[in-house]
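The structure appears right after this line, and notes come after that.
Position 1 is the first residue of the sequence; numbering continues from there.
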Amino acid sequence: MAAARACLVALVLAAAALFVEGGAAAAAAAGNAGRASAQQRRRQLLRQRKVHSHLRRLNKAPVASIESPDGDTIDCVPISNQPAFDHPFLQNHTIQMRPAYHPEGLYDESKVASQQNTQRITQMWHQNGKCPENTIPIRRTKKEDVLRASSVRRYGKKRHRSTPNPMSVDPDMLNESGHQHAIAYVEGDKYYGAKATINVWQPKIEQANEFSLSQLWILGGSFGQDLNSIEAGWQVSPDLYGDNNTRLFTYWTSDAYQATGCYNLLCSGFIQINNQIAMGASIFPISNYGGSQYDINILVWKDPKEGNWWLQFGNDYVLGYWPSFLFSYLADSASMIEWGGEVVNTQPDGSHTSTQMGSGHFPEEGFGKSSYFRNIQVVDSTNNMKAPQGVGSFTEQSNCYDVQNGNNGDWGTYFYYGGPGKNPNCP
């Protein structure tokens, strides 16, 4: 009997211990959950503060604002208060209001272009107003724009290794970054600028974190950590802009897209002087498959007097410049020029993306159906524009996106490029 009582007491004591232990564990779990929740709230609060601080830096006080039909707000910011002047080396910079020299031969071609009577491409926000003299139009950055980025620090930046390297022959390296290209290029000389007339389309994007663009690249250095690049063209990027509109854009980097540079005016660097064209704003009209075709002229060149790299859009708009001190190799000259298309292929569901490049159709379909670059030119050491010599072409997977070069009297050196991405030959 005593043994049974002792056994019962032991069972009661064990149950009590288990109950206390269970309660302590539950309390500890609740405490941990509470701490994790508090940490998460602190992280969210810290991110929100970072986002607001970043927005304050980017969105300068405007003298006027224009609501664009596409949902953008364009702020007219005093020219001396633009983001470029946040750069420590530009604190006392005197703005160069015009280039000392244009490339020779530029205006002969403009006369020919004006005789062809091509329709002017414009920006959507122009329908609702214009910015006054001594201001520049800046697309206002919204909170949602920054929150879509992987981090506040990476907002407005391309991924590392996104420049096509035609010299690379390692197929594993080609798709490592998820970027694919169809380009024409020249290398082996010193280049002081490049020009192209680029057909404008609105390619379909499969995943919101993918993009499709058509641009020219002015490159210096190696394809390692020290790559210098100046880029300009058009792009569709839902991640960056929150929609699928075709937009004018620029990019620069002096360290292979690592710490320096950004799209448009999303960091300090590019100095804008023009009050009519907004970087990152929608352009229209857009080409139609089998219908009307529209294109834009992009010219980037190095002013031989001041050494800055200038950007011109169309025949009329000198937009501004990248000061040469931003760069190492490009402070002197470029060693390679590329023209063409780029997409991000995230390989959704393990297969190739169906994000389109150019018109989404292959080069062999030709004019009105496939996208083109025409009248591609380079600027030489004497500041003369000339046809590029020894043009090569490059694509990682020609079954997905391809490129075909050509030459004739009207279009000079040209090429068709692009494709649909995923198709029976590109699974």
Hey, does the Lys NZ or Arg CZ of Lys158 hover above the aromatic six-ring of Tyr251, less than 6.0 Å from the centre and inside 45° of the axis?
yes
Any sub-3.5 Å donor-acceptor pair from Glu231's side-chain atoms to Trp217's backbone N or O?
no
Got a salt bridge between Asp295 and Arg374, using NZ or NE/NH1/NH2 to carboxylate O under 4.0 Å?
yes
Can we call the ring centroids of Phe373 and Trp339 under 6.0 Å apart?
no
Which disulfide (SG to SG under 2.5 Å) pairs, counting each pair once, include a residue from residues 303-354, with sequence neighbours left out?
none
What is the distance from atom CD of Glu338 to atom CG of Asn165, rounded to the nearest 0.5 Å?
8.0 Å
Is there any salt bridge (Lys or Arg N to Asp or Glu O under 4.0 Å) pair reaching into residues 326-336, and which pairs are they, with sequence neighbours excluded?
Lys190-Asp332
Aromatic ring proximity His181/Phe394, centre distance under 6.0 Å:
no
Please check this pair: side chain of Asn228 against backbone of Leu219, looking for a donor-acceptor N/O pair closer than 3.5 Å.
no
Answer yes or no: are there more than 12 heavy-atom neighbours, outside Asn425 itself, under 6.0 Å from its atom CG?
yes
Can Arg247 and Trp234 be said to form a side-chain contact (heavy atoms from CB on, under 4.5 Å), step by step?
CA-CA 5 Å; Arg247 294 169 176 274; Trp234 62 256; over 6 Å; no
Please determine whether the number of non-hydrogen atoms from other residues, nucleotides or ligands lying under 6.0 Å from atom CZ of Arg98 exceeds 12.
no
Can you confirm whether or not the ring centre of His352 sits under 6.0 Å from the ring centre of Tyr401?
yes
Asn199 and side chain to side chain donor-acceptor pair (under 3.5 Å): which partner among Ser370, Ser359, Ser287, Ser214?
Ser287
State, to 0.1 Å, how close Asp70 and Met124 come at their nearest heavy-atom pair, and which atoms those are.
CB-SD, 3.6 Å
Is it true that a side-chain atom of Trp309 and a backbone atom of Leu330 form a donor plus acceptor pair closer than 3.5 Å?
yes
Can you check side chain to side chain donor-acceptor pair (under 3.5 Å) on Ser212 and Thr355, steps first, answer last?
CA-CA 7 Å; Ser212 181; Thr355 286; over 6 Å; no
What's the verdict on side chain to side chain donor-acceptor pair (under 3.5 Å) for Ser65 and Asp75, showing C-alpha distance, side-chain angles and the deciding distance?
CA-CA 4 Å; Ser65 295; Asp75 288 327; 2.7 Å; yes
Go through the steps for Gln180 and Glu396 under the test side chain to side chain donor-acceptor pair (under 3.5 Å), then give the verdict.
CA-CA 6 Å; Gln180 289 191 268; Glu396 289 93 348; 4.8 Å; no
Checking the side chain of Ser151 only, and the main-chain atoms of Arg154 only, is there a donor and an acceptor separated by less than 3.5 Å?
yes
How about NZ on Lys60, more than 12 heavy atoms from neighbouring residues, nucleotides or ligands closer than 6.0 Å, or not?
yes
